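Here's the structure, in structure tokens; my notes come after.
Because the structure is predicted, anything quoted here is derived from the model rather than measured. Chain naming here is simple, since letters A, B, ... match the order of the sequence lines and numbering starts at 1 in each. All values below come from the heavy atoms of this structure, side chains included, with hydrogens, waters and symmetry mates left out.
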2 protein chains.
Amino acid sequence: MPPIPELEAIRKAQILEAALKTISASGYANVTMDDICRAAGLSKGGLAHYYRSKNELFVAVFKEFFERIFQRSKQTMELYENPVDKLLSFDWLYDRNDPDVNVGYPVLFDCMSLAVREKEYRSLFHDWFENWVNLLKDAIDVGLKKGIFRNLDSESTARAISSVYQGIATRWYLDNESHTTKWAVESFKKAITGLLSSNNK
Amino acid sequence: MPPIPELEAIRKAQILEAALKTISASGYANVTMDDICRAAGLSKGGLAHYYRSKNELFVAVFKEFFERIFQRSKQTMELYENPVDKLLSFDWLYDRNDPDVNVGYPVLFDCMSLAVREKEYRSLFHDWFENWVNLLKDAIDVGLKKGIFRNLDSESTARAISSVYQGIATRWYLDNESHTTKWAVESFKKAITGLLSSNNK
DNA sequence: ATGAATCGACCAATCGGTCGGTTGATTTAC
DNA sequence: GTAAATCAACCGACCGATTGGTCGATTCAT
């Protein structure tokens, strides 16, 4: 019987952590199970005991990843009271020293290219979008109730706002020599305040 | 000696076309040289005669791809006179029946995940961004001169506009059940007109 | 006969997954 | 109370399949 009852949960967490870092560093397509074994301090057979296939492990890794990002987003938004501040609270996405950012972007891009063809990954994306959009939507609804915003469809505006964050992030990360952090922050603020002002019919 | 002098150019074009379709359909990581040989109607040795390694071929494919997208963007913009119309002329990006769209998005996502780790691909991205941004920047500069826009930095605004297109495209493509074409088109119009109106200090 | 164009068998390397085996703690049998 | 059986945890050698690249052979126009 198990030495400690929580051993399985501990091991799985260790493996996920090791796999996440390895995938982030080398890229989904280049990572081998051996790499992950080494990073996790386990043998091939040992790892197979917890995750029976590469695909099973990787799906678990990406799931864990999105959960982390979501929690981070939620916690950061909660630091603010004003709906506008909440909606503009994602500047941590453009901090090159942030550990979530450094690990996260490579994983995110990998996941996107996987999502193109595999519905399991598309579904992970969908859930993440949904969670993110709901955070934003709630803030917009509060703003509408308080009269800060007018004539907005909160859901489609929320989707647009998160898309703007992601679009700017893509540039900022993949071509950082031409896209400074200053540009990224100013741009998302202008774009999002533009989306929130109801001068569109 | 070559049967026809242009044979090399013809073959290379055939190979690039076949490779582009194959990569789009199966994904960079899953495509084998055999797949491309079959699609191009050539043997392994025959293909090796024109492209000596997988990497050499793939870089050429992605280069060709970005060139196509750029030409398409340029031509579509030229259909319009008014700077605002030019800047909003990219709704073809959100047409699910467009062949460039169907082939392009999978390739684009693959290229992004490659660009994270390989500077050769990052450089392709950079060049594409630069070309795209310059198209937009020229239109904005005309608008500034004509007095249609005020208080804008044309370059950083151009970068923001193309980022908005790309961010919305990501959602629209990867999670199309929750992101309709109508949403995509309305959203980019609102976001971009917001960026162009100078009510930001 | 020279060399570009093309072929396809073959090689070496890689990788995911399997499987028999070991360890050590717990449970069961007596 | 102890010997035997059991089982989770873990190991690493091995297998089968895949794949990128090579190379000698073949064709054919010049």
Starting at CD1 of A:Ile15 and ending at C1' of D:dA9, how long is that distance when rounded to a whole Å?
11 Å

Would you indicate what A:Leu47 reaches in the nucleic acid, counting non-hydrogen atoms under 4.0 angstrom: base, sugar-phosphate, or nothing?
nothing

Quick one: is B:His49 getting a side-chain N or O under 4.0 Å of the C:dA5 phosphate, OP1 or OP2?
yes

Is the cationic atom of B:Arg72 (NZ for Lys, CZ for Arg) positioned less than 6.0 Å from the six-membered ring centroid of B:Trp92 and within 45 degrees of its normal?
yes

Is there a donor-acceptor contact under 3.5 Å from the side chain of B:Tyr94 to the main chain of B:Tyr165?
yes

Taking only side-chain N and O atoms of A:Arg11, does any of them lie within less than 4.0 angstrom of OP1 or OP2 on D:dC10?
yes

Over 60° means perpendicular and under 30° means parallel, so tell me whether A:Tyr28 and A:Phe62 are parallel, tilted or perpendicular.
tilted

Taking the inter-plane angle between the rings of A:Tyr105 and A:Phe109 on a 0 to 90° scale, is it parallel (under 30°), tilted (30 to 60°) or perpendicular (over 60°)?
tilted

Under the salt bridge (charged side-chain N to carboxylate O under 4.0 Å, His left out) criterion, do B:Glu186 and B:Lys190 qualify, and how do the steps go?
CA-CA 6 Å; B:Glu186 286 178 2; B:Lys190 283 184 189 170; 5.0 Å; no

Its contact letters, B for base, S for sugar-phosphate only and - for none at protein heavy atoms under 4.0 Å, make nucleotides 9-21 of chain C read ------SBB----

Give the rounded distance in Å between these two atoms: CG of B:Leu42 and P of C:dA5.
12 Å

Pair B:Phe90 + B:Trp132: ring centers closer than 6.0 Å:
yes

Does D:dA8 have OP1 or OP2 sitting under 4.0 Å from an N or O in the side chain of A:Tyr50?
no

